[in-house]
Amino acid sequence: MPELPEVETLRRDLERSILGRMATEIWIAPDVPRLVQGLAPEELRQRLIGARFQGVQRRGKLLIFLLSDGRGYLLLHRRMSGNLLHRRNGAPADPYTRFVLSLDDDSELRFVDLRKFGRLWLVDDPTEVTADLGPEPLEETFTIETLAEALRRRQAPIKAVLLDQTAIAGLGNLYADEALHLAGLHPRRPAAGLTLDELGRLHRGIREALAEGLHDRGSSLGTSLRDHINLDGSPGEHQHHVHAFRRTGQPCLRCGTAIERIKVGGRSTHLCPHCQPA
DNA sequence: AGAGTAGCCTGTAAGC
DNA sequence: TGCTTACAGGCTACTC
(Lines give C-alpha, C1' and ligand atoms only; values in the text may rest on other atoms or scores of the structure.)
Protein backbone atom coordinates (compact mmCIF):
# COMPACT_ATOMS: atom_id res chain seq x y z
CA MET A 1 0.00 0.00 0.00
CA PRO A 2 1.23 3.49 -0.66
CA GLU A 3 2.57 4.82 2.62
CA LEU A 4 5.22 7.45 3.25
CA PRO A 5 8.15 5.59 1.59
CA GLU A 6 6.10 4.71 -1.50
CA VAL A 7 4.83 8.29 -1.90
CA GLU A 8 8.27 9.78 -1.26
CA THR A 9 9.85 7.48 -3.87
CA LEU A 10 7.23 8.66 -6.34
CA ARG A 11 7.88 12.29 -5.41
CA ARG A 12 11.60 11.97 -6.08
CA ASP A 13 10.99 10.29 -9.44
CA LEU A 14 8.47 12.97 -10.43
CA GLU A 15 10.92 15.70 -9.50
CA ARG A 16 13.37 14.26 -12.01
CA SER A 17 10.86 13.68 -14.82
CA ILE A 18 8.17 16.36 -14.92
CA LEU A 19 9.67 19.53 -13.42
CA GLY A 20 9.15 22.42 -15.84
CA ARG A 21 6.68 20.45 -17.98
CA MET A 22 3.36 22.07 -18.95
CA ALA A 23 -0.04 20.39 -18.79
CA THR A 24 -1.68 20.42 -22.22
CA GLU A 25 -4.79 18.32 -21.65
CA ILE A 26 -6.61 16.43 -18.93
CA TRP A 27 -9.03 13.54 -19.12
CA ILE A 28 -11.10 12.33 -16.19
CA ALA A 29 -12.97 9.02 -16.25
CA PRO A 30 -16.75 9.41 -16.06
CA ASP A 31 -17.23 6.80 -13.34
CA VAL A 32 -15.17 8.34 -10.52
CA PRO A 33 -17.41 11.12 -9.21
CA ARG A 34 -15.48 11.33 -5.91
CA LEU A 35 -12.03 11.68 -7.48
CA VAL A 36 -11.92 15.46 -7.79
CA GLN A 37 -12.66 17.12 -4.45
CA GLY A 38 -14.02 20.60 -3.95
CA LEU A 39 -14.42 21.80 -7.54
CA ALA A 40 -16.05 20.75 -10.78
CA PRO A 41 -13.90 18.65 -13.12
CA GLU A 42 -14.32 21.30 -15.83
CA GLU A 43 -12.95 23.99 -13.52
CA LEU A 44 -10.01 21.75 -12.67
CA ARG A 45 -9.37 21.32 -16.37
CA GLN A 46 -9.36 25.05 -17.06
CA ARG A 47 -6.99 25.82 -14.21
CA LEU A 48 -4.59 22.97 -15.03
CA ILE A 49 -4.19 23.36 -18.77
CA GLY A 50 -1.29 25.71 -19.45
CA ALA A 51 0.16 25.31 -15.95
CA ARG A 52 3.78 24.24 -15.49
CA PHE A 53 4.98 21.98 -12.69
CA GLN A 54 7.37 24.03 -10.58
CA GLY A 55 7.84 21.65 -7.67
CA VAL A 56 6.75 18.33 -6.21
CA GLN A 57 6.37 18.10 -2.46
CA ARG A 58 4.98 15.54 -0.03
CA ARG A 59 3.07 15.79 3.22
CA GLY A 60 2.23 12.46 4.85
CA LYS A 61 0.86 10.30 2.07
CA LEU A 62 -0.17 13.30 -0.05
CA LEU A 63 1.68 14.37 -3.18
CA ILE A 64 1.68 18.13 -3.71
CA PHE A 65 2.40 19.66 -7.12
CA LEU A 66 3.27 23.37 -7.19
CA LEU A 67 1.77 24.98 -10.30
CA SER A 68 3.09 28.04 -12.15
CA ASP A 69 1.37 31.42 -12.62
CA GLY A 70 -0.29 31.41 -9.22
CA ARG A 71 -2.58 28.59 -10.20
CA GLY A 72 -2.13 26.96 -6.83
CA TYR A 73 -1.37 23.39 -5.85
CA LEU A 74 -2.55 20.06 -7.20
CA LEU A 75 -2.78 17.46 -4.43
CA LEU A 76 -3.06 13.71 -4.96
CA HIS A 77 -3.82 11.01 -2.40
CA ARG A 78 -3.31 7.48 -3.73
CA ARG A 79 -5.27 5.90 -0.88
CA MET A 80 -5.13 2.11 -1.24
CA SER A 81 -4.68 1.13 -4.84
CA GLY A 82 -3.72 4.34 -6.64
CA ASN A 83 -0.60 4.42 -8.82
CA LEU A 84 0.77 7.31 -10.87
CA LEU A 85 2.49 6.26 -14.08
CA HIS A 86 4.56 8.33 -16.52
CA ARG A 87 4.01 6.98 -20.03
CA ARG A 88 4.83 8.08 -23.54
CA ASN A 89 1.83 9.21 -25.56
CA GLY A 90 0.33 6.23 -27.32
CA ALA A 91 1.78 3.66 -24.90
CA PRO A 92 -0.58 0.71 -24.37
CA ALA A 93 -3.56 1.56 -22.17
CA ASP A 94 -3.31 0.78 -18.45
CA PRO A 95 -6.42 -0.88 -17.01
CA TYR A 96 -8.28 1.16 -14.37
CA THR A 97 -6.90 4.50 -15.56
CA ARG A 98 -8.96 7.20 -13.79
CA PHE A 99 -7.34 10.35 -15.13
CA VAL A 100 -4.71 11.30 -17.68
CA LEU A 101 -2.67 14.49 -17.65
CA SER A 102 -0.97 15.16 -21.00
CA LEU A 103 2.36 16.99 -20.89
CA ASP A 104 4.15 19.14 -23.47
CA ASP A 105 6.90 16.58 -24.17
CA ASP A 106 4.67 13.89 -25.72
CA SER A 107 4.32 12.08 -22.42
CA GLU A 108 1.47 11.76 -19.97
CA LEU A 109 0.79 11.08 -16.31
CA ARG A 110 -1.82 8.36 -15.76
CA PHE A 111 -3.54 7.80 -12.44
CA VAL A 112 -4.45 4.13 -12.26
CA ASP A 113 -6.67 3.18 -9.32
CA LEU A 114 -8.55 -0.10 -9.20
CA ARG A 115 -10.57 0.70 -6.09
CA LYS A 116 -11.48 4.30 -6.97
CA PHE A 117 -10.46 5.52 -3.51
CA GLY A 118 -7.88 8.02 -4.81
CA ARG A 119 -8.53 11.76 -4.37
CA LEU A 120 -7.44 14.96 -6.15
CA TRP A 121 -7.59 18.57 -4.97
CA LEU A 122 -6.69 21.89 -6.58
CA VAL A 123 -6.23 24.53 -3.90
CA ASP A 124 -4.55 27.90 -3.34
CA ASP A 125 -3.06 26.71 -0.06
CA PRO A 126 -2.12 23.05 0.59
CA THR A 127 -2.91 23.41 4.28
CA GLU A 128 -6.58 23.46 3.29
CA VAL A 129 -6.07 19.70 2.87
CA THR A 130 -3.12 18.93 5.16
CA ALA A 131 -4.16 20.95 8.22
CA ASP A 132 -5.00 17.97 10.45
CA LEU A 133 -1.89 15.92 9.69
CA GLY A 134 0.54 15.17 12.50
CA PRO A 135 4.32 15.66 12.36
CA GLU A 136 6.53 14.29 9.57
CA PRO A 137 8.45 11.38 11.11
CA LEU A 138 11.55 11.75 8.92
CA GLU A 139 12.03 15.46 9.59
CA GLU A 140 14.90 16.53 11.86
CA THR A 141 12.30 18.20 14.08
CA PHE A 142 10.64 14.84 14.82
CA THR A 143 12.27 14.08 18.16
CA ILE A 144 11.46 11.64 20.95
CA GLU A 145 9.66 14.57 22.61
CA THR A 146 7.56 15.07 19.44
CA LEU A 147 6.61 11.40 19.56
CA ALA A 148 5.80 11.56 23.28
CA GLU A 149 3.55 14.56 22.63
CA ALA A 150 1.74 12.68 19.83
CA LEU A 151 1.03 9.72 22.14
CA ARG A 152 0.14 11.74 25.22
CA ARG A 153 -3.27 10.93 26.72
CA ARG A 154 -3.96 8.31 24.04
CA GLN A 155 -5.31 5.15 25.65
CA ALA A 156 -5.87 3.41 22.31
CA PRO A 157 -3.49 0.59 21.30
CA ILE A 158 -0.17 1.97 20.08
CA LYS A 159 -0.75 0.36 16.66
CA ALA A 160 -4.04 2.27 16.23
CA VAL A 161 -2.39 5.57 17.16
CA LEU A 162 0.48 4.99 14.71
CA LEU A 163 -2.15 4.60 11.98
CA ASP A 164 -3.86 7.85 13.02
CA GLN A 165 -2.60 10.45 10.54
CA THR A 166 -3.37 13.29 12.95
CA ALA A 167 -0.92 11.79 15.47
CA ILE A 168 1.95 11.07 13.03
CA ALA A 169 1.74 11.51 9.25
CA GLY A 170 2.65 8.81 6.77
CA LEU A 171 2.53 5.44 8.52
CA GLY A 172 0.17 2.74 7.20
CA ASN A 173 -0.39 -0.87 8.14
CA LEU A 174 2.94 -2.18 6.85
CA TYR A 175 5.30 0.38 8.36
CA ALA A 176 3.36 0.52 11.64
CA ASP A 177 3.91 -3.23 12.10
CA GLU A 178 7.55 -2.90 11.06
CA ALA A 179 8.19 0.01 13.42
CA LEU A 180 6.65 -1.85 16.38
CA HIS A 181 8.68 -4.96 15.62
CA LEU A 182 11.91 -2.98 15.39
CA ALA A 183 11.00 -1.30 18.68
CA GLY A 184 10.12 -4.59 20.39
CA LEU A 185 6.69 -3.29 21.43
CA HIS A 186 3.40 -5.20 21.50
CA PRO A 187 0.84 -3.48 19.19
CA ARG A 188 -1.87 -3.59 21.89
CA ARG A 189 0.12 -1.63 24.47
CA PRO A 190 -1.76 1.60 25.35
CA ALA A 191 0.01 4.43 23.52
CA ALA A 192 0.32 6.68 26.55
CA GLY A 193 1.78 3.92 28.72
CA LEU A 194 5.24 3.70 27.16
CA THR A 195 8.34 4.31 29.27
CA LEU A 196 10.98 6.80 28.17
CA ASP A 197 13.18 3.93 27.01
CA GLU A 198 10.31 2.45 24.98
CA LEU A 199 9.55 5.85 23.43
CA GLY A 200 13.17 6.03 22.33
CA ARG A 201 13.01 2.57 20.78
CA LEU A 202 9.74 3.40 18.99
CA HIS A 203 11.15 6.69 17.68
CA ARG A 204 14.11 4.82 16.28
CA GLY A 205 11.89 1.99 14.98
CA ILE A 206 9.60 4.36 13.07
CA ARG A 207 12.53 6.11 11.38
CA GLU A 208 14.35 2.88 10.62
CA ALA A 209 11.27 1.19 9.14
CA LEU A 210 10.58 4.18 6.89
CA ALA A 211 14.25 4.53 5.87
CA GLU A 212 14.44 0.85 4.94
CA GLY A 213 11.29 1.15 2.80
CA LEU A 214 12.67 4.25 1.09
CA HIS A 215 15.98 2.52 0.42
CA ASP A 216 14.09 -0.29 -1.37
CA ARG A 217 11.87 2.11 -3.37
CA GLY A 218 8.80 0.95 -1.45
CA SER A 219 6.95 -2.34 -0.91
CA SER A 220 4.98 -4.17 -3.61
CA LEU A 221 3.12 -7.09 -2.07
CA GLY A 222 1.80 -9.97 -4.12
CA THR A 223 1.30 -9.62 -7.84
CA SER A 224 -2.08 -7.98 -8.24
CA LEU A 225 -3.10 -4.60 -9.61
CA ARG A 226 -3.70 -3.37 -6.08
CA ASP A 227 -0.03 -3.18 -5.34
CA HIS A 228 2.22 -0.18 -5.23
CA ILE A 229 4.30 0.39 -8.35
CA ASN A 230 6.58 3.31 -9.09
CA LEU A 231 6.36 6.05 -11.72
CA ASP A 232 7.85 3.84 -14.45
CA GLY A 233 5.69 0.84 -13.48
CA SER A 234 8.47 -1.01 -11.67
CA PRO A 235 7.75 -2.57 -8.26
CA GLY A 236 9.52 -1.74 -5.02
CA GLU A 237 11.75 -4.32 -3.34
CA HIS A 238 11.00 -3.85 0.33
CA GLN A 239 8.54 -6.77 0.49
CA HIS A 240 11.65 -9.01 0.39
CA HIS A 241 13.10 -7.32 3.47
CA VAL A 242 10.18 -6.91 5.87
CA HIS A 243 10.63 -8.12 9.46
CA ALA A 244 7.03 -8.89 10.44
CA PHE A 245 4.39 -7.69 7.95
CA ARG A 246 2.57 -10.65 6.33
CA ARG A 247 5.22 -13.07 7.56
CA THR A 248 2.66 -15.07 9.61
CA GLY A 249 4.11 -18.42 10.66
CA GLN A 250 7.60 -17.61 9.41
CA PRO A 251 10.49 -17.30 11.88
CA CYS A 252 11.26 -13.92 13.42
CA LEU A 253 14.54 -12.76 11.88
CA ARG A 254 15.85 -11.82 15.33
CA CYS A 255 14.84 -14.80 17.53
CA GLY A 256 13.31 -17.48 15.29
CA THR A 257 9.87 -17.50 16.96
CA ALA A 258 6.96 -17.84 14.52
CA ILE A 259 5.39 -14.50 13.56
CA GLU A 260 1.76 -14.21 14.73
CA ARG A 261 -1.17 -12.45 13.15
CA ILE A 262 -3.80 -10.71 15.28
CA LYS A 263 -6.41 -7.95 14.81
CA VAL A 264 -5.80 -4.53 16.31
CA GLY A 265 -8.13 -1.64 15.62
CA GLY A 266 -9.80 -3.72 12.93
CA ARG A 267 -6.52 -4.13 11.02
CA SER A 268 -4.49 -7.28 10.59
CA THR A 269 -1.36 -6.94 12.66
CA HIS A 270 1.83 -9.00 12.60
CA LEU A 271 4.19 -9.44 15.51
CA CYS A 272 6.80 -11.65 17.13
CA PRO A 273 5.32 -12.81 20.48
CA HIS A 274 8.84 -13.21 21.92
CA CYS A 275 10.39 -9.90 20.83
CA GLN A 276 7.14 -7.95 21.36
CA PRO A 277 5.74 -9.21 24.70
CA ALA A 278 2.29 -8.07 25.84
C1' DA B 1 -13.48 14.03 23.17
C1' DG B 2 -11.61 9.72 22.35
C1' DA B 3 -12.42 5.06 20.81
C1' DG B 4 -14.59 1.76 17.86
C1' DT B 5 -16.70 0.45 13.53
C1' DA B 6 -19.46 0.46 8.92
C1' DG B 7 -18.88 1.75 4.37
C1' DC B 8 -16.58 3.03 0.28
C1' DC B 9 -14.46 -0.24 -3.80
C1' DT B 10 -13.18 -4.55 -6.51
C1' DG B 11 -10.13 -8.50 -7.34
C1' DT B 12 -8.40 -12.53 -5.16
C1' DA B 13 -8.52 -16.44 -2.26
C1' DA B 14 -10.84 -19.47 0.68
C1' DG B 15 -14.84 -22.28 1.67
C1' DC B 16 -18.72 -25.14 0.50
C1' DT C 1 -16.48 -26.99 -11.10
C1' DG C 2 -18.90 -23.08 -9.86
C1' DC C 3 -20.90 -20.16 -6.75
C1' DT C 4 -20.72 -17.40 -2.37
C1' DT C 5 -18.36 -15.11 1.16
C1' DA C 6 -14.49 -13.03 3.48
C1' DC C 7 -10.71 -10.22 3.12
C1' DA C 8 -7.40 -6.53 1.97
C1' DG C 9 -6.90 -1.49 3.82
C1' DG C 10 -6.70 4.52 3.85
C1' DC C 11 -9.84 7.35 5.13
C1' DT C 12 -14.45 9.53 6.38
C1' DA C 13 -18.63 9.50 8.75
C1' DC C 14 -21.05 7.88 12.18
C1' DT C 15 -22.26 5.99 16.96
C1' DC C 16 -21.32 5.18 21.78
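Note on naming: letters A, B, ... go to the chains in the order of the sequence lines (proteins, then strands), and numbering restarts at 1 for each one.
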* **Sugar-phosphate, base or nothing in reach of A/R78, heavy atoms under 4.0 Å** => nothing
* Asked: What is the nucleic acid contact for A/Y175, judged by heavy atoms within less than 4.0 Å: base, sugar-phosphate only, or nothing?
  ->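 It contacts nothing in the nucleic acid.
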Looking at [X], I'd like to know whether one of its side-chain N or O atoms comes within less than 4.0 Å of OP1 or OP2 on [N].
X: A/S268; N: C/dG9; answer: yes
X: A/K116; N: B/dT10; answer: yes
X: A/K61; N: C/dC11; answer: yes

Would you call [X] and [Y] a salt bridge, taking side-chain N to carboxylate O under 4.0 Å as the test?
X: A/E6; Y: A/K61; result: no
X: A/E8; Y: A/R58; result: yes
X: A/D124; Y: A/R71; result: no
X: A/R45; Y: A/E43; result: no

Over how many whole Å does the gap from [X] atom [atom1] to [N] atom [atom2] extend?
X: A/D31; N: B/dC8; atom1: CG; atom2: P; value: 16 Å
X: A/M80; N: C/dT12; atom1: CE; atom2: C1'; value: 15 Å
X: A/R79; N: B/dG7; atom1: CZ; atom2: P; value: 17 Å
X: A/H77; N: B/dC8; atom1: NE2; atom2: P; value: 19 Å
X: A/D177; N: C/dG9; atom1: CG; atom2: P; value: 9 Å

Ignoring the backbone of [X], work out which of [options] is nearest its side chain.
X: A/L114; options: C/dG9, B/dT10, C/dC7; result: B/dT10
X: A/Y96; options: B/dG11, C/dC7, C/dG9; result: B/dG11
X: A/R115; options: B/dT10, C/dC7, C/dC11; result: B/dT10

* To do: Measure the distance between the ring centre of A/F117 and the centre of the six-membered base ring of C/dC11, then answer whether it is under 5.5 Å with planes under 30°.
  =>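 Ring-base stacking flag not set for A/F117 and C/dC11.
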Table of protein N/O atoms under 3.5 Å from nucleotides 1-5 of chain B N/O atoms:
from	atom 1	to	atom 2	distance (Å)
B/dA3	OP1	A/Q155	N	2.6
B/dA3	OP1	A/A156	N	2.8
B/dA3	OP2	A/R154	NE	2.7
B/dA3	OP2	A/R154	NH2	3.3

* In chain order, what residues pass the side-chain hydrogen bond (donor to acceptor under 3.5 Å, both in side chains) check against A/E15, with sequence neighbours excluded? -> A/R11
* Asked: Should the ring pair A/F111 and A/F99 be called parallel, tilted or perpendicular, given that the plane angle runs from 0 to 90° and is split at 30 and 60?
  ->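 Parallel.
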* Asked: Under the 3.5 Å rule, do the base of C/dG10 and the side chain of A/R119 count as making a donor-acceptor pair?
  ->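 Result: no qualifying N/O pair found.
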* Is any side-chain heavy atom of A/P135 less than 4.5 Å from a side-chain heavy atom of A/T141? ->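 No - every pair of side-chain heavy atoms lies 4.5 Å or more apart.
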